[in-house]
Amino acid sequence: MPRGVRSIHTDLHKSKILVKRAGNFGLKRRDFCPKTKEIRARFRSLGVEVQDCGQTQDVEKLEGRSADLVLSPSTQEILNTHREDILVASGACDRAEIYSWQENAWYEVSEMNESHVGASSFVYNDRLYVVGGVFTETIEMLDLNELPLKWTEYPDGFPYEIGGNPTVVYQQRVITVGGFIDDEDKNCNAISELQLASPCTMKQLCPMPQPRIWHAVEAFDDKVLILGGANGDHNYDVLDGVLEFDPEKNECKELPSLPYPVEEMATVRWRDQVVVLGGCDKDDEALNDVFMYDSKTGENTVLPSMLEKRRGCCAVVTRNTIVVMGGVNDAHGYLDSVEYFTMGGSTWKYLPSMKKERWQAVAIVLPSTRKYVQV
């Protein structure tokens, strides 16, 4: 454990309040003191204090029903196939980066005003919004139609400091789910609609049976799925439960469970499936497992495991390729590594590493109508 991180861990342990697990180096979220400015500042500095990460080729197998697989195309064939470029931002880092498939490289772009950790994000009217995160209520915007890209602060921040609350856009409505509210030192069980007026307001739509933090949310044509996470209470139970939220009726119902409890995972939507990637299990161990959850039947289908164990990673899907970035694990700390998987393939492969290590970052696929990297 690096010396700076060890000292922060000691201070946080003495605080004995708030949420569980900071994800890395033995830090515990339940030990965070959100009202201590010194600890906040030192936490934000973790991204530059950690050691450079390595890469591991450890591949593990999940038990369960495996998908029918065929060999994936070579990396060069993937690069030669048109894919939308990828933007990744925040995650204990105030610089955004873009991956260009054509150049097979990462390029740094506009600097953010804050280093968000555990923020939620969404694209609305061709603008990327990065909302809140641990210890901040700031909302930052990136207009995807204006080049060069430049971050600006939304005139009004989020109504309160909140993190671990995934956000999706459902039919032009911005839906945010759960999270932990720093201002009130409590976890949230609300499904709400964020109204981007001045000032920003939250309209509660439906309560969940229990609070959830570090879960995943994906929107479909007629519903929003809420998967896994943790209840965030005193016992801090990691969850395997799945909820279906009906935005038309503002009602929730339970669906068949995930194959195991998991939090801090990345997800992407693939047709009628939610692909669940990595995360952290009930024993606080980072995972490299990957599976698909059928939004209609609740069935789970195992996919090949990632090359690295990752909790707090982020992911996108472009055409038929899933790309996973960053995260953290016990072996290497914060990760800058990137890997991809072609649906129907049999193995994950590496892409070039990001320029910065990132944990709890956000990522989007950029519109193919604009050229964001000029070489």
Exercise for review: Applying side chain to side chain donor-acceptor pair (under 3.5 Å), run through S192 and Q204 and close with a yes or a no.
Suggested key: CA-CA 4 Å; S192 303; Q204 184 166 331; 5.1 Å; no

Review point. Considering residues, nucleotides and ligands other than K371, do more than 12 of their heavy atoms fall under 6.0 Å from its NZ?
Key: yes

Practice item. Answer yes or no: does atom CD of E153 have more than 12 heavy-atom neighbours from other residues, nucleotides or ligands under 6.0 Å? Key: yes

Output the distance between atom [atom1] ([X]) and atom [atom2] ([Y]), rounded to the nearest 0.5 Å.
X	Y	atom1	atom2	value
T138	H116	OG1	NE2	6.0 Å
N104	L351	CG	CG	6.5 Å
I139	L194	CD1	CG	6.0 Å

Practice item. List the steps, then state whether salt bridge (Lys or Arg N to Asp or Glu O under 4.0 Å) holds for D246 with K223. Key: CA-CA 5 Å; D246 184 336; K223 58 196 170 190; over 6 Å; no

Review point. Would Y350 and E308 satisfy side chain to side chain donor-acceptor pair (under 3.5 Å), going step by step from the backbone distance to the final call?
Key: CA-CA 10 Å; Y350 282 114; E308 299 195 49; 3.1 Å; yes

Under a 3.5 Å distance rule, please check whether [X] uses its side chain to pair with a backbone N or O of [Y] as donor and acceptor.
X	Y	value
N187	P211	no
R358	S90	yes
N288	M306	yes

Practice item. Kindly give the heavy-atom pair with the smallest separation between D222 and Y170, and that separation in Å. Key: CA-OH, 3.7 Å

Study note, to complete from the structure: In short, L196 meets C200 closest at the heavy-atom pair CD2-SG, 4.2 Å

Exercise for review: Would you please classify the geometry between the Y99 ring and the W106 ring as parallel, tilted or perpendicular, with 30° and 60° separating the classes?
Suggested key: tilted

Is there side-chain contact between [X] and [Y], with at least one heavy-atom pair below 4.5 Å?
X	Y	result
W101	T321	yes
M141	L128	no
I98	L149	yes

**Study point:** Intermediate values then yes/no, salt bridge (Lys or Arg N to Asp or Glu O under 4.0 Å), D284 and R311
**Key:** CA-CA 10 Å; D284 202 24; R311 59 189 293 177; 3.1 Å; yes

Between [X] and [Y] (salt bridge meaning N to carboxylate O under 4.0 Å), is one present in this structure?
X	Y	value
E111	R95	yes
R319	E84	yes
E193	R173	yes

Review point. Going by distance alone, is a donor N or O of one side chain under 3.5 Å from an acceptor N or O of the other, for S295 and D272?
Key: no

Review point. Linking I/L/V/M/F/W/Y whenever their side-chain heavy atoms sit closer than 4.5 Å, directly or via other members, would Y260 and V274 fall into one cluster?
Key: yes

